[in-house]
Every structure is written in structure tokens, then in C-alpha cells.
Protein chains: 2
Amino acid sequence: MSGGVEWALHCAVVLTTAPSPVPAARLAALHDVSPSYLAKHLQALSRAGLVRSTQGQAGGYELTRPAEQITVLDVVDAVEGSSAAFVCTEIRQRGPCAAPPEACAAPCAIARAMRSAELAWERELRSVTVADLAAQVDDGAPEALARMGAWLSGDA
Amino acid sequence: MSGGVEWALHCAVVLTTAPSPVPAARLAALHDVSPSYLAKHLQALSRAGLVRSTQGQAGGYELTRPAEQITVLDVVDAVEGSSAAFVCTEIRQRGPCAAPPEACAAPCAIARAMRSAELAWERELRSVTVADLAAQVDDGAPEALARMGAWLSGDA
DNA sequence: GCCGAGCTACTCGGATAGTTCTTGTCCGAGTCAATGAGG
DNA sequence: CCTCATTGACTCGGACAAGAACTATCCGAGTAGCTCGGC
């Protein structure tokens with residue numbers, strides 16, 4: 001899985017506390033990661049409609065919806081692409097013992113099992129929102145999130 | 001996800017019906033895939049202890065356990081490697097607002113959410129055995145599996 | 001003091017190289033079965 | 001007819017290239033705010 005998913009999720013969590021737009025460069029400085037590369041992933045979030053971008057001075061990124069309405073799956077799909085990890089190439093229809101096409105209306109048993117597992121994975125990620133993550137962070141280290149929000153808004 | 005997982009699963013299912021060892025070349029011919037590349041994945045299965053390999057004439061691969069004792073997760077882990085897809089790089093400990101190391105004994109909320117999803121995925125794959133897959137194939141197309149087994153053992 | 005045109009500086013967005021991982025291929029080491037000679 | 005050494009061919013196993021995807025970077029298009037002159 002792409003490592004940018006982790007960055008995007010952390011950005012989404014800290015954006016929860018920022019009242020005004022935050023530039024990508026500042027988000028990168030907060031996490032000490034490559035600014036240019038982080039920008040790429042933030043663009044993916046923007047294309048998916050999770051964040052809104054404003055240009056010019058005092059511009060940056062901000063969430064478009066309340067954090068309670070953004071699931072972890074939304075962020076992962078935005079960065080990774082929503083395509084399934086396992087793709088069935090229908091090899092049962094190939095070779096000397098190929099199954100007739102009319103018998104292949106339904107996906108094969110292997111594809112069904114893999115799809116079922118992916119659905120379980122998605123269901124789990126859909127059950128956690130960015131707001132939940134922020135609440136857990138605040139439970140573990142109170143005021144840490146607030147300090148980050150203040151740092152993003154104000155001083156260097 | 002690696003495409004070889006599909007090949008390995010199909011091979012495991014058809015090996016259910018073969019009483020004697022089957023060479024990799026014949027498995028490749030049955031599915032009309034690259035023999036050399038399929039051999040690579042069968043070696044992975046062998047390293048994981050799912051299949052036994054015998055050399056020389058009349059050699060080939062055969063399952064080491066009853067198909068009821070081989071889960072889909074076993075095959076996927078053997079081919080893909082059992083490492084987690086999401087790896088937390090602990091970026092919370094970096095940057096100007098870094099969390100103190102003593103507060104990071106437990107994994108962060110993001111890593112927990114991703115891990116939980118992966119566990120759900122693994123649980124689903126662990127609940128399906130190769131025997132289940134074979135039974136479903138036989139339900140959908142009766143005798144198709146038997147025909148494949150006969151082709152593997154005997155004629156060209 | 002108020003308004004507006006111009007300007008500057010800052011922002012995002014997509015197009016551009018480098019590196020790692022997956023895909024695909026090949027040939028050598030080892031082994032089993034068949035074969036033929038000998039007893 | 002039985003035994004056994006030899007041969008042969010077939011098997012796996014790991015080492016070797018090609019392509020794609022991820023990682024990392026840069027510069028141009030566009031915009032918001034600030035500045036300065038005019039009214």
C-alpha cells in the first residue's frame with residue numbers, strides 16, 4: 001500500500017483543528033516530510049472532494065465536510081484509488097479445460113472469496129471517521145492536537 | 001496485490017483432485033499461463049510448506065495436507081508474504097510538534113484502525129478453505145473439476 | 001479619509017526524472033524411472 | 001527370471017533482465033491580499 005495514505009490521514013486529522021486554510025508546505029513542515037510529494041497526495045484529496053483548496057495569500061487546504069462525515073475509507077480510496085486489490089482474470093475460461101462462457105455469468109468461487117474479504121476490510125475502514133481518530137489522539141495525549149492546530153495557524 | 005495469487009489459488013484447487021504429483025509445466029498448460037513464472041509462485045507455496053515437491057520423472061507438486069486444512073489466507077500469505085500492507089512510520093514523533101517517545105508505547109490511532117481492517121480481511125480469508133472453493137466450483141459446474149484432474153493425470 | 005488600479009508574493013496544479021518492486025525468463029543442480037547387461 | 005549399474009530425460013530451484021508503479025521533484029498558471037496614487 002502506498003505510504004502516502006499515512007500522510008493523508010494525519011493531515012486530515014490535524015486539519016480538524018485548523019479554523020483557516022493551511023498551506024501544503026506547512027503541513028509538510030509539521031510532519032517533516034517532503035513538501036512536494038505531500039502536495040501530490042493533497043491534490044488527490046482535493047480531486048476526491050474531501051478538501052477544498054484556495055489559492056493566493058492566506059490560501060491552503062481545509063476540510064469540506066465535518067470530520068464526522070469523513071471516513072477513513074474515503075481518504076484511503078482518494079489516495080490509493082478505489083479499484084479492488086484483487087482482480088480476477090478469468091483464467092477458468094482459458095486452456096484445454098476451459099469453462100464455457102455461458103457458465104461464467106457469476107464470478108468464480110475464488111473471486112467471491114477475495115471480494116468478500118475486501119468488503120470486510122472496507123466495512124471496517126468505513127466504520128471509523130476522522131473525528132474518531134482525532135478523539136482517540138486527544139485521549140492519548142490531551143492538548144497535543146490543540147498545540148498542532150495552534151502551530152499550523154500561527155507561529156513558526 | 002500480486003496477480004500470482006490467483007494462479008496459486010487455482011492450482012491449489014485443482015491439486016485437490018490430482019492423486020499423483022503434477023509438474024508445474026502441466027499446471028501452466030492447464031491455465032494457459034507462463035510456465036516459468038508459475039513455477040516461481042509454486043516455489044513460494046513449497047517454501048511455505050503448503051505443497052511438497054518431488055523431482056525426477058513422474059515428479060511434481062502435491063498438497064501436503066488435506067484441503068480442509070488449507071485456508072485461502074495460507075495461500076495468499078505464502079505468495080504475497082505475510083507482512084502487513086500498511087506500515088506506520090511514526091511520523092507523530094517527527095517535526096516541531098513531535099510527541100515524546102514515552103507517549104508512543106501504544107500504536108497510534110491511525111495504525112490501530114488500519115490494523116483492525118487488515119485483521120478483518122485476514123479473518124475472512126481464514127474462514128474459507130481450499131476444500132470450500134473446490135466444493136463451490138463443483139456446485140457451479142459439476143464434473144468440471146474431475147475433468148481437470150483427469151487431464152492433469154493422463155492424456156494431453 | 002475613501003476608492004481603485006496595479007503589483008507583489010504566495011498558493012495550487014500538473015508535467016517531469018529516479019528508484020524500488022512486480023513481472024517474466026532462463027539455465028544449472030539434483031533425482032527418479034526406465035533400460036540393458038550380467039549372473 | 002532376477003539383480004543391479006548405467007544412462008537418460010525430466011523435475012525443481014534459484015539467478016538473471018524488462019516493465020510498471022511508487023517516490024520524489026520542479027516550474028508554470030492563477031489568485032488573494034497589500035500598496036500606492038488619485039479623488
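Numbers restart at 1 for each chain; the letters A, B, ... are given by sequence-line order, proteins then strands.
The residue A/A24 sits close only to the backbone: its heavy atoms come under 4.0 Å of sugar-phosphate atoms, none of a base. Residue contacts for B/S36: at a heavy-atom cut-off of 4.0 Å it reaches a base atom on one of the strands shown. Across all strands, B/G4 comes closer than 4.0 Å to no nucleic acid atom at all (heavy-atom distances). No engagement by A/A39 is indicated, since no non-hydrogen atom pair under 4.0 Å with the nucleic acid exists. Among the atoms of the strands shown, only primed sugar atoms or phosphate atoms (P, OP1, OP2) are found under 4.0 Å from some heavy atom of A/S2.
A straight line from CG of B/L42 to P of D/dT11 spans 13 Å, rounded to a whole angstrom. Remark: P of D/dT23 and CD of A/E6 are 11 Å apart, rounded to the nearest angstrom. Spacing between atom CZ of A/F86 and atom P of C/dT22 amounts to 17 Å, rounded to whole angstrom units. The NE2 atom of A/H41 sits 14 Å away from the P atom of C/dG14 (whole-angstrom rounding). Protein atom CD of B/Q55 is 13 Å distant from nucleotide atom P of C/dA29, rounded to whole Å. The separation between B/L27 atom CG and D/dC12 atom C1' is 13 Å, rounded to whole Å. At whole-Å resolution of the value, CZ in A/R26 and P in C/dC12 are 12 Å apart. B/E62 has its CD atom 13 Å from the P atom of C/dC32, to the nearest Å.
Residue A/G60 is the one, among A/G60 and A/K40, whose nearest nucleotide of DNA chain C lies closer to the 5' end (criterion: closest heavy atom). Comparing A/Y37 and A/T54 by the nucleotide of DNA chain D that holds the closest heavy atom to each, the one mapping nearer the 5' end is A/Y37. When each of A/L38 and A/Q57 is assigned the nucleotide of DNA chain D bearing its nearest heavy atom, the one mapping closer to the 5' terminus is A/L38.
Of the candidates C/dA33, D/dT25, D/dG14, D/dT25 carries the atom nearest the A/S34 side chain, counting heavy atoms from C-beta on. You'll find that the side chain of A/Y61 is closest to C/dG13, out of C/dT11, C/dG13, C/dG24.
Comment: B/R92 engages B/E90 in a salt bridge, judged by a side-chain N to carboxylate O separation of less than 4.0 angstrom.
For the residue pair B/T129/B/Q69, the side-chain donor-acceptor check at 3.5 Å is not satisfied.
The environment of B/R65 atom CZ is dense: over 12 non-hydrogen atoms of other residues, nucleotides or ligands sit within 6.0 angstrom.
Under 4.0 angstrom from either OP1 or OP2 of C/dC12 there lies no side-chain N or O belonging to A/S46. Neither OP1 nor OP2 of D/dT11 sits under 4.0 Å from any side-chain N or O of B/S53. The shortest distance between the side-chain N/O atoms of A/Q43 and the OP1/OP2 oxygens of C/dG14 is below 4.0 Å.
The cationic group of B/R26 lies under 6.0 Å from the six-membered ring centre of B/W151 and within 45° of the ring axis, placing it in a cation-pi geometry.
Under a 3.5 Å cut-off, the side chain of A/D74 and the backbone N or O of A/T71 do form a donor-acceptor pair.
With respect to A/V75, the side-chain contact (heavy atoms from CB on, under 4.5 Å) criterion is satisfied by exactly one of A/V51, A/V5, A/L133, A/I70: A/I70.
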